[in-house]
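Data first, discussion second: the structure below is written as structure tokens.
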Amino acid sequence: MPGQAPELSREQVEIEMSAHGHSIVEVKLVNGAWKAIADSPFNRRISSLSTPMRVSGPAAGHARLKTSGDPDGIKVIGTLNNCAGGVTPWNTVLIAEENFNHYFSGDPAQTAEASNHAQYGVAPDKTRFQWARFHDRFNVEKEPNEPNRFGWIVELDPYNPKSDPVKRTALGRFKHEAATVTIAPDGRILVYSGDDERFQHIYRYVSTGRFDAENREANLGLLDDGILSAARFEADGRLIWLPLVWGQGPLTAENGFHSQADILIEARSAAALLGATPMDRPEDIETNPVNGRVYVVLTNNDKREDAQIDAANPRARNAFGHILELTPPGARGPKADHAADEFRWGVFLLAGDPADAGSGARYHPQTSKDGWLTTPDNIAFDGQGRMWIATDGANENGFADGIWASDVDGPGRALTRHFLNVPRGAEMCGPCFTPDDTTLFVAVQHPGQEPGSTFDAPSTRWPDFDAALPPRPSIVAITSRGKAIGA
Ligand code: CA
Ligand code: CA
Ligand code: CA
């Protein structure tokens, strides 16, 4: 916001750009404690200032991805505002570009991409950054296509530190959260992803090719050729996957789609035209390793009006969020057919205080006054199939964010229990178990971010509690003395 925020120097802007990205750090369990390996050959920094990324799939090289810095439309510097991602069966990492729109200056209304940029929230009043003052690519009037190069799923290979990360355009462009990969019984690869904004959609990608466990290299193209679909939730319990394929139904030139690339670049409007269900902010989506079902976390939506209620988003002004359960056909468990055109769906829980009749909350009837939660965000499953829920927004309900756990089947289904609190002003994210369930890693984001807390006088100095250090986001490893957590 030039004119309001103090003007930053080039050096300050480039520090910000370098702080956007990823760090790959090898950690190892040494004498019962997790340690970072400082000289690991895998350690790597990926930044928005300097890391080149390749573009692949149907939109690679398309005219709408070309800029003066990249006249071929196949190479982008950096990745922006990543949220929850995933891991592939061939052990690459998928990172999800979420709120990429905040970084651009200039007036998109003056460009040929005006309606596209409006749809994704690229707008002068949304700009929180001054990057365009020193880097023209962040000025949409000079480089109207640069925002089209963000909002993708990026695949990176942590075992090859020299490899360029790849933006996989076949998975569509939106404010991605989650890229959860599973395998259909016939070997095709599925990726579930949500578009984390009010009234946006849930998506599933199905690869054309099949996973080959014996040939890692052969799997590196599976995310370039396949079918992206968006979800429509019917009131009778059916979930219909609507394919986003050029030339089918309304996805034609009459509606502005001249190729599959146009559909992928503007996946939001393609999904809306097909009749996908507008959801209450889709955050994480995860598959359960025991029952084979898929769980979708909707964090909240205070803008939904009474007239906009539907079976899958059943509360107006949904302040507390909810979790849906999707059931693919076929066998229960790892053999479930995630590639099917039609699933069943139901509500797993409606968050909020169950003692407050007006909240509309719905859990197991024995949920205690300390066991309920609000604004679920990221989830993880342990080896027994129990759900571990991280929240983002409990502060607005008067308590701290944290982790809650629940069975998904049997007598304890949807009986949530409180496991962990984060420090003041923080959000909990990224729950992740080791394969033997003996460590749960969690990420503590933005400690001290609450009203009245400032850099000079923060409300907490977690985790160092040192007057010379600000509060710092950190990874926490929770262990249970060599036993599985919750055993
Ligand atoms: Ca998110
Ligand atoms: Ca969130
Ligand atoms: Ca989050």
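Residue indices begin at 1 and follow the sequence shown. Just so you know, ligand 1 is whichever comes first in the structure, and atom 1 is the first atom listed for that ligand.
Judged by the 6.0 Å and 45° rule, K167 forms a cation-pi pair with F150. Under a cutoff of 6.0 Å and an axis angle of 45°, R173 and Y120 form a cation-pi pair.
In terms of distance to the Ca ion (ligand 1), the nearest N, O or S atom of E177 is named OE1. The atom name of the N/O/S atom in D196 closest to the Ca ion (ligand 1) is OD2. Of all N/O/S atoms in D377, OD2 sits nearest the Ca ion (ligand 2). Take the N/O/S atoms of E98: the one nearest the Ca ion (ligand 1) is OE2.
Here E283 meets the criterion, with an N, O or S atom under 3.0 Å of the Ca ion (ligand 1). Residue D392: an N/O/S atom is found under 3.0 Å from the Ca ion (ligand 2).
For the residue pair E177/N378, the side-chain donor-acceptor check at 3.5 Å is satisfied.
In this structure, I189 and W90 have side chains that are in contact, with non-hydrogen atoms separated by less than 4.5 Å.
Using cut-offs of 30° and 60° for the angle between ring planes, the F343 and H338 rings count as perpendicular.
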